[in-house]
Colleague: 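The structure is given below, and queries will be raised subsequently.
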Amino acid sequence: MLQVSFIRENFDQAVLGLRKRNLNDAEALLKQAIELDDDRKSIQLQRDQLQAESNSISKSIGQLMKSGQIAEAEKVKSRTSEIKLQVKELEVSYTEKELQLTQLLYTLPNIPHESVPAGKSADDNEIVLSHGAIPVLNVDEKLAHWDLIKKYDIIDFELGVKISGAGFPVYKGKGARLQRALINFFLDEALQAGYVEIQPPILVNEDSGYGTGQLPDKEGQMYFATEDNLYLIPTAEVPITNIYRNEIVQEEQLPIRNVGYTPCFRREAGSWGAHVRGLNRLHQFDKVEIVHISHPDKSYEALEEMSAYVQGLLKKLGLPYRVLRLCGGDMGFTSALTYDMEVFSAAQERWLEVSSVSNFEAFQANRLKLRFRDESKKMNLAHTLNGSALALPRIVAAILENNQQAAGIKMPEVLVPYLGFEWIQ
RNA sequence: AGAGAGUUGGGUGAGUGGCUUAAACCAGCAGUUUGCUAAACUGUCGUACGUGUCAAAGCGUACCGGGGGUUCGAAUCCCCCACUCUCUACCA
């Protein structure tokens, strides 16, 4: 959520930023926010003054009662009941303005960083760099991963349908072991890089949904346990970032760097189509997530560090990848700058998004009320960042497709100690 | 799930309608003293919003788990909800 003070002080920048997100009436919306805030302030001023008067009258009534001047006390009571009515009215309009303002602010996305390219869709994303050669497959007939998993009987979608439904695969044998190996590999790498491991709950309450921006409006994308009012997490970002909701952290604690593995649950309502076969899109999948809580001056350094870290993982797995800087039209609602990492999957002959690393600046922290006190004892919002490191299914798809040979599928070297085998045959 | 007891500042914890401007202690911060450390002493020490200002100080309002109510006045009385602890039941 944007801060009104930020909008006031950086009005032109905010307008330009939101236009980059193709929000054409940005100027009018931002002006409206300032107006609502002005109204709120002037109502608060009236209300506070009346309440101050009422407080002092109450105090004097207490004293009159004590000294036995009951009749005097009764007299002044009438004034307080007058004030009470007025305060009640002002209270109602204050709450109304505040609500309108909050609802307006909830609809405004984050201001993109200046380096974010203009654009409408994924076609306008900027390719920052590419790494690794497109693999040439040494097989008679290259198979997509959905055929490979059948051939080697390592992932069973039909079985998942029987137990749960479409999009809930069952991993079997070496397929299951590959999942476990990847999770452990990713966690160990993060620990070596200095992250603190977190194992969070995978059901979260409503407040947490608001804290990271899944709520309001995106409730349709989360599974919801109605009996207990809990949401199944779509990503570990939600519980891990919400650890710091309503917290004042010490400046010297920054940066906070957490990593966590969780299953992720996404309803993906209505988003099934030709490009989402096999592992490309699932209702349940596994992901290791990294989260940074950063000093505002250091958050872009942190973003670069996270991007480099994720690229390191892809290099170790031997997967060709490219890094995209998302354009204004393709970037997530809460993000100021997002890098997507895509790996090339050689049988589908497509780039698959396997990680998304974002700096949210103070946008989430404002909702979370995540603050720190600086040297001059002033309260500031921290910056939050997160990134996948990594999401498993498409990594598995790429490993299977890119490493297929006549003899079977050769596992990446770095995974062998975790797997206990070299080939899926 | 049933019964009972609770939830007060960073921590412990007092406070049953106006003497609370939330006591006291601990921790923290600043200072004094001191060969150093420690101790002692003095002061300071919540958050949000508003107001004020170059910035601040100051001032106002709200906040004692959350929401609502009674009252001129609520941490205190009433209602609803959440959570914690104890016992019982159940369970890995």
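All values below come from the heavy atoms of this structure, side chains included, with hydrogens, waters and symmetry mates left out. A note on names: the letters A, B, ... follow the listed sequences, proteins ahead of strands, and every chain is numbered from 1.
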Colleague: Watson-Crick or G-U wobble partner for B:rA48, using a 3.5 Å limit on both distances?
Modeller: B:rU61

Colleague: Is it true that A:Arg8 and A:Asp37 have a side-chain N and a carboxylate O under 4.0 angstrom from each other?
Modeller: yes

Colleague: Could you please name the option among B:rU61, B:rG46, B:rC72 that lies closest to any side-chain atom of A:Ile61?
Modeller: B:rC72

Colleague: Which nucleotide, if any, forms a Watson-Crick or G-U wobble pair with B:rA74, using both distances under 3.5 Å?
Modeller: none

Colleague: For the P atoms, the ones on B:rC72 and on B:rU84, what distance do you get once it is rounded to whole angstrom?
Modeller: 38 Å

Colleague: Taking the C1' atom of each, how far is B:rU61 from B:rA39, in whole Å?
Modeller: 43 Å

Colleague: Sort out the partner of B:rC54 for me: Watson-Crick or G-U wobble, both distances under 3.5 Å, none otherwise.
Modeller: none

Colleague: Given that both distances must come in under 3.5 Å, which nucleotide forms a Watson-Crick or G-U wobble pair with B:rG35?
Modeller: none

Colleague: What I want to find out is whether A:Glu53 reaches A:Arg79 closely enough, with some N-O distance under 4.0 Å, to be called a salt bridge.
Modeller: yes

Colleague: Please list residues of residues 361-372 of chain A whose heavy atoms come under 4.0 Å from any atom in RNA chain B, ordered by number; otherwise none.
Modeller: A:Arg371

Colleague: Using atom C1' in both nucleotides, what's the gap between B:rG31 and B:rC85 to the nearest angstrom?
Modeller: 43 Å

Colleague: Give me the distances for all protein-to-nucleotides 49-54 of chain B N/O pairs that come in under 3.5 Å?
Modeller:
unit_1 : atom_1 : unit_2  : atom_2 : d
B:rC49 : O3'    : A:Arg40 : NH2    : 3.3
B:rC49 : O2'    : A:Arg40 : NH1    : 3.2
B:rC49 : O2'    : A:Gln44 : OE1    : 2.3
B:rC49 : O2'    : A:Gln44 : NE2    : 3.3
B:rC49 : O2     : A:Gln44 : NE2    : 2.9
B:rG50 : OP1    : A:Arg40 : NH2    : 2.9
B:rG50 : O4'    : A:Gln44 : OE1    : 3.2
B:rG50 : O4'    : A:Gln44 : NE2    : 3.1

Colleague: Is A:Glu413 paired with A:Lys410 through a side-chain N to carboxylate O contact shorter than 4.0 Å?
Modeller: yes

Colleague: Quick check: on RNA chain B, is the nucleotide nearest A:Ser60 upstream (toward 5') of the one nearest A:Lys77, or the reverse? Name the residue that is more 5'.
Modeller: A:Ser60

Colleague: In the structure shown, which nucleotide is the Watson-Crick or G-U wobble counterpart of B:rU16, with both distances under 3.5 Å?
Modeller: none

Colleague: Could you verify whether a donor N or O on one side chain and an acceptor N or O on the other, from A:Ser356 and A:Asp340, lie under 3.5 Å apart?
Modeller: yes

Colleague: With both distances under 3.5 Å as the test, what is the Watson-Crick or G-U wobble partner of B:rC25?
Modeller: B:rG11

Colleague: Crowded around A:Lys315 NZ? As in, over 12 foreign heavy atoms under 6.0 Å?
Modeller: yes

Colleague: Looking only at the side chains, is there a donor atom on one of A:Arg40 and A:Tyr94 sitting less than 3.5 Å from an acceptor on the other?
Modeller: yes

Colleague: Is there a donor in the side chain of A:Gln221 and an acceptor in the side chain of A:Tyr231, or the other way round, less than 3.5 Å apart?
Modeller: no

Colleague: With a 4.0 Å cut-off on heavy atoms, is A:Ser58 in touch with a base, just the backbone sugar-phosphate, or nothing at all?
Modeller: base

Colleague: Would one find a side-chain N or O of A:Arg373 under 4.0 angstrom from OP1 or OP2 of B:rU47?
Modeller: yes

Colleague: If pairing requires Watson-Crick or G-U wobble contacts with both distances under 3.5 Å, which nucleotide is the partner of B:rC91?
Modeller: none

Colleague: Before accepting this row, confirm whether a basic side-chain N of the pair A:Lys31/A:Glu35 lies closer than 4.0 Å to the acidic partner's carboxylate O.
Modeller: no

Colleague: Listed by chain and number, what are the side chain to side chain contact (heavy atoms under 4.5 Å, CB included) partners of A:Ser93, not counting sequence neighbours?
Modeller: A:Ile43

Colleague: So which one's nearest nucleotide on RNA chain B is more toward 5', A:Ile248 or A:Lys59?
Modeller: A:Lys59

Colleague: What I want to check is whether the side chains of A:Tyr223 and A:His283 have a donor and an acceptor closer together than 3.5 Å.
Modeller: yes

Colleague: The side chain of A:Asn55 is closest to which nucleotide in this list: B:rC72, B:rU61, B:rU47?
Modeller: B:rU61

Colleague: Scan every strand shown for a Watson-Crick or G-U wobble partner of B:rG4, both distances under 3.5 Å, and answer none if you come up empty.
Modeller: B:rC85

Colleague: I want to verify a distance call: between B:rU71, B:rU61, B:rU47, whose nearest atom is closest to the A:Met379 side chain?
Modeller: B:rU47

Colleague: What integer number of Å spans the P atoms of B:rU32 and B:rG17?
Modeller: 47 Å

Colleague: Say we look at B:rC78 and B:rU7: how far apart would their P atoms be, to the nearest angstrom?
Modeller: 14 Å

